[in-house]
Every structure is written in structure tokens, then in C-alpha cells.
Amino acid sequence: MRRVLDIKLLREKPDFVRERLKARGAGEETLVDRILQADEQRRKLLAELETLKAQRNRVSKEIGALMGQKKIEEAEAKKKETRELGDRISELDQKVAAVDADRDSAMLQVPNLPHESVAIGASSADNPVIRTFGEKKSFNFKAKTHVELCEHLKLIDFARAAKLSGSGFLLYTNWGARLERALTQFLLDLHTLEHNYTEVSPPFMVGPHCLEGVGQFPKFKDQYYGVAEGDKADELGKLYLIPTAETPVANIHREEILKESQLPIYYCAYTPCFRGEAGAAGVGTRGMIRVHQFDKVELIKIVKPEDGYAEHEKMVANAERVLQLLDLHYHVVMLCTGDMGFASAKTFDIEVWAPGQGSYLEVSSVSNCEDFQARRMNLRYKTETGENRFPHILNGSGTALARLFVALIETHQQEDGSILIPEPLRPYLKTDRITA
RNA sequence: GGAGAGAUGGCUGAGUGGUUUAAAGCGCACGCCUGGAAAGCGUGAAUAGGUCAAAAGCCUAUCGGGGGUUCGAAUCCCCCUCUCUCCGCCA
């Protein structure tokens with residue numbers, strides 16, 4: 001049994017649910033009627049079915065008692081009487097299962113409701129800028145793009161990466177590889193030592209239930225890489241490469257009932273992220289902006305509902321801290337209702353300025369999914385009073401690496417083509433400058 | 001990959017077709033007892049769904065998951081998943 005949105009909310013406030021879904025602008029509000037209809041039919045059938053089952057249980061018990069008393073004939077008579085009950089029951093059972101399946105599949109397609117504080121809008125053009133740090137870097141020389149810098153400093157070998165895996169993959173070389181590793185280490189240390197996250201290192205492949213749990217299935221199935229052991233085609237669908245560490249990490253406690261005292265839980269994790277990005281602009285062109293595999297340090301929180309939005313703000317601040325320490329100009333935007341992800345109730349994106357691109361790059365997306373994911377994965381916690389509740393689950397990039405790499409080298413490039421390393425990163429890279 | 005054993009409540013663990021309403025123990029909560037505690041005694045305690053304005057109550061389902069046999073399944077049959085032991089392979 002999956003509860004995605006609370007079925008009770010749908011029953012009691014269908015107009016509210018429709019209105020909130022409509023704000024997303026994708027037409028999911030039409031699912032509400034289908035769900036309510038199936039739900040009503042289900043309950044009607046259940047009432048009948050359960051009455052019959054109760055009757056059967058009663059008679060079966062009587063038969064048992066008669067058998068015990070060796071009253072075989074009376075028992076046989078009752079058996080005959082009950083036999084056709086079984087047929088009615090299995091018939092109704094099948095009907096209920098069908099209605100259940102219909103209701104659940106419709107409910108799985110319903111996205112989360114936007115929080116009331118989210119700006120109404122249709123697309124990314126309507127996302128309000130919340131705050132800004134630093135300013136666009138100006139150069140008194142002709143600034144290079146990250147592709148030029150990577151080639152000049154031999155940080156990335158684009159051509160050989162394509163030889164290995166096709167377009168959209170990166171081969172980091174020498175200082176490029178070391179910079180990537182230094183950044184990863186820097187991010188993990190920052191979040192574990194200063195922001196109190198517990199580091200975990202999860203599997204990079206997960207079963208479909210994990211994707212469903214965080215709301216990445218069933219909607220975006222074509223974005224993922226399915227893997228098979230050997231060439232066995234029938235293995236496909238058993239495991240998927242993770243598109244983000246959110247997928248395994250948010251599912252760590254699925255189907256558990258946590259103690260209230262265990263909350264809040266803070267996890268951070270480094271993983272590579274694999275994305276099909278079918279048809280997305282940018283894949284197939286050279287560069288690091290949109291690739292099939294990139295590194296990321298992810299932040300996950302499991303918190304009490306009343307703390308959800310305060311924790312959300314803190315998580316954004318944790319991600320912003322990365323860019324502040326690396327002295328990179330960025331702004332924070334709030335995703336409007338029409339631009340939010342499927343599972344999210346409220347999302348802030350952090351976009352970092354990349355001078356060579358002349359544009360902002362999304363390096364972090366911080367979402368409060370409220371109890372949407374917890375319902376899908378049946379994760380609850382027990383309050384002091386013994387009540388089981390769904391926690392809020394939050395996720396945020398802290399941050400995505402390939403694009404951070406781009407912003408860093410484009411921002412801190414020098415006239416001679418070298419990269420000046422920001423002070424906090426030097427202990428990790430063990431140099432203050434990357435030169436050709 | 002091969003062979004074998006297993007999966008029962010918070011935990012240990014009994015239960016191989018019918019008053020099992022899942023024994024017993026441990027642990028937990030509350031109460032009695034006590035100067036206070038321990039011991040002892042007693043009580044309570046799973047999850048979901050349905051019914052109800054709501055609660056109580058009642059009903060249904062759940063003994064790893066799914067299906068089957070039966071009037072009736074923790075128990076019998078089939079499939080799957082996972083765990084353990086041994087062997088093989090392997091960083």
C-alpha cells in the first residue's frame with residue numbers, strides 16, 4: 001500500500017489539491033477525480049468483501065470446533081455451505097486488487113504540492129532571485145573559457161574521453177584530476193566538520209524501488225542508465241546507475257520507524273552521478289556543463305515536519321558556504337511553481353557565475369520534499385506520545401562538481417593562463433597555483 | 001556459480017492443517033509494594049485498511065515477498081528475495 005499524497009487530504013480537500021497541482025501547470029489536477037473515484041469504489045467493495053471474510057472466518061472456526069468433537073457430518077455440511085462463499089470472496093478480491101492498482105498508479109503520478117510560499121510561475125523565467133553574493137568578475141585581459149583553460153593546462157582530455165565512452169564524458173588528467181579530488185575532499189570536510197553532517201558512501205547502483213521512493217520513478221524513467229550483469233537482457237530493470245546520491249541516501253531508512261530522538265538526521269555523501277540526458281541541449285558539444293557522468297557531494301536531511309523549513313534554509317546556507325569560501329559570485333533563486341521538480345514542495349537553486357560562459361550555472365538545488373518521499377518509502381518516526389508520523393526529507397547539492405570546477409577555473413584564471421587557487425582549497429591541492 | 005540451512009512481534013524463541021485470540025523468556029512503559037531502589041506481583045504495548053462526526057468498539061489483512069491447495073494456512077505446494085555455513089571464482 002503506497003500513500004503518496006495523503007489520501008485523506010484528497011478526500012477532504014480535493015479543491016485545495018487541485019488548485020495546488022494546477023499551479024504547477026502540468027495538468028496533473030485531472031488525476032484527482034480519477035483517484036477519488038477509484039478510492040470510493042474501493043471502499044464500497046472492501047465493506048462487502050470484509051463482511052464476507054468475517055463470515056467465513058466465523059464458520060471455519062465452527063467447523064474446527066465440530067471436527068474436534070468428532071461431529072464429522074455436521075462439519076461436512078457446513079463446509080459445503082461455505083464453499084461458495086470462497087468463490088464470491090476471490091471474485092471480490094480480484095476487483096479490489098484492480099481498483100487498488102488503478103488508484104495507486106494514479107497516485108504515483110501526482111507530484112508534490114508546492115508550498116504556499118513558492119512563487120507562482122510557468123517557467124524558469126519566473127524564478128525570483130532571492131539573494132546575491134559577490135559580483136561578476138571583470139578581467140583586464142581576454143578571459144578564456146573553461147574548455148580553453150582545460151586544454152591549455154591539460155586538465156581534461158576531451159578527445160580521449162570521447163574515444164573511451166562517446167560524447168558527454170570527461171577524462172580528468174594530472175592537475176585536473178587532482179583538482180577534482182581536492183574539491184571533493186574540501187566539500188566533505190566542510191560539511192562533516194563544520195556543518196555536522198555524517199558522511200556515508202552508498203552503492204552507485206540501486207533497485208527501482210529506490211528511484212520510486214524519491215519520486216524519480218515513474219515519471220523520468222528515460223533519464224536513467226539501467227545496468228545488466230553481463231549481456232543478460234532480462235537483468236535490465238533490476239539495477240540502475242544513480243542519477244544523484246539522493247537516491248540511495250534518502251532511502252537509507254526506508255520502511256523504518258525511527259525514534260523521535262534520532263532526528264534530525266544529517267547525511268552527506270560523495271558519489272558520481274549518471275544521467276542519460278536524452279535530447280538535452282549541450283550533450284554532444286565539448287565542455288563540462290552537461291555531461292553523462294559527474295561528481296557531486298550531496299546533503300540529505302531527515303527532520304521533523306515542524307523543523308522542515310528552518311532546516312531547508314540552513315541547508316541552502318551550507319551549500320552557499322562552499323561558494324563563499326571559494327570566492328565565487330553566485331545568486332540564489334527560488335524555483336517557481338511551474339519549474340519545480342516532481343517530488344519537491346519548495347526548491348532553491350544556487351547558480352554560480354562562470355565568466356567564460358558569460359552565464360550562471362546551476363551547481364546546487366536544495367529542496368524540501370516535505371513528507372512526499374517519506375510516504376513513498378514508508379519512512380516514519382514515532383513521537384514521544386507514540387504516534388507515527390512521516391518526517392520531512394530534504395536534499396541539496398553541496399555542490400555539483402563539474403560545474404563548480406568550471407566556475408572556479410574561469411573565475412580565478414590569470415592573464416598568463418594559470419589558475420590561482422583560493423586559500424581554503426590550497427591545503428587540499430597542495431599548491432596555490434596551477435600552471436601549464 | 002555449486003551444495004546445504006534458515007527468515008515468526010523491540011530482541012531471543014516455541015509452534016508442521018482447526019479454541020493460536022502466535023506460547024515462553026528477555027527487554028520496555030505504567031501501577032502496586034518500598035524510606036528509596038532491586039526483587040516480587042499486576043497491567044499495557046505492533047502495522048495498515050475499513051466502519052463511525054469523533055473516540056471507544058467492532059471487522060479485515062499482515063509470521064521475508066508473491067501465488068496456489070483448503071471450509072480454514074505461520075504450518076502443505078510453487079516462484080522470488082534476503083541471510084548464514086561450506087566449496088568455487090575474484091579486487
Side-chain angles (χ1 to χ4, degrees), chain A residues 1-13 35-104 107-108 201 203-210 212-213 228-232 234-240 248 251-262 371 374-391:
Chain A
M1 172 50 55
R2 298 188 194 92
R3 295 151 309 279
V4 178
L5 287 180
D6 192 346
I7 184 71
K8 286 178 194 146
L9 182 69
L10 272 149
R11 283 178 201 155
E12 285 159 22
K13 297 181 179 175
I35 292 167
L36 287 177
Q37 203 179 336
D39 182 56
E40 199 185 318
Q41 200 188 346
R42 169 179 177 274
R43 286 193 287 167
K44 205 182 288 176
L45 289 170
L46 265 188
E48 191 182 347
L49 174 63
E50 291 186 354
T51 309
L52 291 176
K53 281 189 175 175
Q55 195 180 333
R56 182 179 69 183
N57 287 348
R58 211 177 319 115
V59 176
S60 292
K61 206 163 282 182
E62 285 167 19
I63 292 173
L66 290 171
M67 298 288 274
Q69 295 162 36
K70 304 280 184 207
K71 295 181 180 168
I72 308 295
E73 275 182 32
E74 286 180 49
E76 287 300 330
K78 275 197 188 289
K79 276 191 199 179
K80 212 172 279 178
E81 185 188 309
T82 322
R83 201 158 290 155
E84 60 194 58
L85 251 185
D87 297 340
R88 297 277 328 271
I89 286 172
S90 56
E91 191 185 310
L92 273 172
D93 254 339
Q94 281 175 20
K95 277 190 192 169
V96 169
V99 174
D100 259 354
D102 186 42
R103 186 186 75 156
D104 288 350
M107 285 188 81
L108 272 178
S201 179
F204 300 162
M205 294 185 251
V206 294
H209 58 290
C210 291
E212 190 174 279
E229 193 182 332
D231 290 331
K232 299 174 218 160
D234 60 343
E235 292 261 330
L236 276 173
K238 284 188 173 176
L239 285 173
Y240 295 83
N251 275 288
I252 286 175
H253 297 288
R254 71 187 342 267
E255 284 151 50
E256 293 182 26
I257 301 178
L258 301 169
K259 291 185 192 129
E260 184 169 6
S261 59
Q262 288 176 267
D371 60 10
R375 286 178 188 282
R376 288 190 163 223
M377 62 180 75
N378 202 19
L379 163 61
R380 289 161 293 172
Y381 72 97
K382 196 178 279 294
T383 64
E384 305 292 347
T385 55
E387 184 195 353
N388 289 332
R389 301 173 69 189
F390 292 105

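Atom set for the values below is all heavy atoms of this structure, side chains included, hydrogens, waters and symmetry mates excluded. Convention: sequence-line order gives letters A, B, ...; per-chain numbering from 1. Small disclaimer: the values here were computed from a predicted structure and weren't measured.
No side-chain heavy atom of A:Val59 sits under 4.5 Å from any side-chain heavy atom of A:Arg56. A:Arg254 has its side chain out of reach of A:Leu379: every pair of non-hydrogen atoms, C-beta onward, lies at least 4.5 Å apart. Side-chain contact between A:Val99 and A:Leu45 is present, with at least one heavy-atom pair separated by less than 4.5 Å. Put simply, the side chain of A:Met107 reaches to within 4.5 Å of the side chain of A:Ile7, judged on heavy atoms.
Nearest-nucleotide mapping onto RNA chain B: of A:Ala65 and A:Lys238, the residue sitting toward the 5' end is A:Ala65. Where A:Gln55 and A:Asn388 meet RNA chain B, the nucleotide closest to each residue was compared, and A:Asn388 sits on the side nearer the 5' end.
In this structure, A:Arg43 does not reach the B:G49 phosphate: none of its side-chain N or O atoms is under 4.0 Å from OP1 or OP2.
No contact: A:Arg88 has no heavy atom under 4.0 Å from any strand. Heavy atoms of A:Lys44 sit nowhere under 4.0 angstrom from any nucleic acid atom.
Proximity of a side-chain donor or acceptor of A:Asn388 to a complementary backbone N or O of A:Arg380 within less than 3.5 Å is not detected.
Put simply, CG on A:Asn251 and CZ on A:Arg376 are 11.0 Å apart, with the number rounded to the nearest 0.5 Å.
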Please tabulate, one pair per line, each protein N/O and nucleotide N/O from nucleotides 68-72 of chain B that are separated by under 3.5 Å, including the distance.
unit_1: B:C71; atom_1: OP1; unit_2: A:Arg83; atom_2: NE; d: 2.7
unit_1: B:C71; atom_1: OP1; unit_2: A:Arg83; atom_2: NH2; d: 2.9
unit_1: B:C71; atom_1: O2'; unit_2: A:Ser60; atom_2: OG; d: 3.2
unit_1: B:C71; atom_1: N4; unit_2: A:Lys79; atom_2: NZ; d: 2.9
unit_1: B:G72; atom_1: OP1; unit_2: A:Arg56; atom_2: NH1; d: 3.3
unit_1: B:G72; atom_1: O4'; unit_2: A:Ser60; atom_2: OG; d: 3.0

Identify all pairs in which a protein N or O lies below 3.5 Å from an N or O of nucleotides 62-66 of chain B, and state each distance.
none

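When the C1' atom is used for both B:G17 and B:C71, the distance is 12 Å, rounded to whole Å. Nucleotides B:A38 and B:C32 have their C1' atoms positioned 15 Å apart, rounded to a whole Å. Spacing between B:A5 and B:C78 at atom P, rounded to whole Å, works out to 13 Å. Comparing the C1' positions of B:G40 and B:A23 gives an interatomic distance of 23 Å, to the nearest angstrom. Comparing the same atom, P, in B:C79 and in B:G25 gives a spacing of 39 Å after rounding to whole Å. Atom name C1', nucleotides B:U47 and B:U43: the rounded distance is 23 Å, in whole Å. If you take atom C1' in B:G72 and the same atom in B:G18, they sit 7 Å apart, rounded to whole Å. B:G9 sits 13 Å from B:A22 when the P atoms are compared, rounded to a whole Å.
Checked against ring-ring contact (aromatic ring centres under 6.0 Å, His included), A:Tyr240 has the following partners two or more places apart in sequence or in another chain: A:Phe217. Evaluation of the salt bridge (charged side-chain N to carboxylate O under 4.0 Å, His left out) rule for A:Asp39 yields A:Arg11, A:Arg43, A:Arg103 as partners, not counting sequence neighbours.
Look at CZ on A:Arg380: it is 8 Å from C1' on B:A48, rounded to the nearest Å. The distance from atom CG of A:Asp104 to atom P of B:G49 is 12 Å, rounded to the nearest whole Å. In this structure, CG of A:Asp6 is placed 12 Å from P of B:A48, rounded to the nearest angstrom. A straight line from CG of A:Leu92 to P of B:U60 spans 15 Å, rounded to a whole angstrom. Remark: P of B:C11 and NZ of A:Lys259 are 11 Å apart, rounded to the nearest angstrom. The separation between A:Asn378 atom CG and B:A46 atom P is 17 Å, rounded to whole Å. Taking atom CZ of A:Arg389 as the reference point, atom P of B:U47 lies 15 Å away to the nearest angstrom. Atom P of nucleotide B:A61 and atom CG of A:Asp100 are separated by 15 Å, given to the nearest angstrom.
Nearest to the side chain of A:Lys53, among B:U47, B:U60, B:G50, sits B:U60. Here the nucleotide nearest the side chain of A:Glu50, chosen from B:C59, B:A46, B:U81, is B:C59.
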Practice item. Start with the C-alpha gap between A:Glu50 and A:Val96, add the side-chain angles, then the distance that decides, and say whether side chain to side chain contact (heavy atoms under 4.5 Å, CB included) holds. Key: CA-CA 11 Å; A:Glu50 291 186 354; A:Val96 169; over 6 Å; no
Review point. For A:Leu36 and A:Glu40, what are the C-alpha separation, side-chain angles and deciding distance, and is it a side chain to side chain contact (heavy atoms under 4.5 Å, CB included)?
Key: CA-CA 6 Å; A:Leu36 287 177; A:Glu40 199 185 318; over 6 Å; no
Review point. Taking it one step at a time, do A:Lys61 and A:Arg58 satisfy side chain to side chain contact (heavy atoms under 4.5 Å, CB included)?
Key: CA-CA 5 Å; A:Lys61 206 163 282 182; A:Arg58 211 177 319 115; 5.9 Å; no
Show the atom names and distances, to 0.1 Å, of all donor-acceptor pairs under 3.5 Å that link a side chain in residues 81-92 of chain A to residues at least two apart or in another chain.
unit_1: A:Thr82; atom_1: OG1; unit_2: A:Lys78; atom_2: O; d: 2.6
unit_1: A:Arg88; atom_1: NH2; unit_2: A:Glu48; atom_2: OE2; d: 2.9
unit_1: A:Ser90; atom_1: OG; unit_2: A:Gly86; atom_2: O; d: 3.3
unit_1: A:Ser90; atom_1: OG; unit_2: A:Asp87; atom_2: O; d: 3.2

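Between A:Asp6 and A:Lys13, none of the side-chain N atoms (NZ, or NE/NH1/NH2) sits under 4.0 Å from a carboxylate O, so this pair counts as no salt bridge.
In RNA chain B, consecutive stretches of 3 or more Watson-Crick or G-U wobble pairs with both distances under 3.5 Å are given as paired ranges: B:1-7 with B:81-87, B:10-12 with B:24-26, B:28-32 with B:40-44, B:46-51 with B:57-62, B:64-68 with B:76-80.
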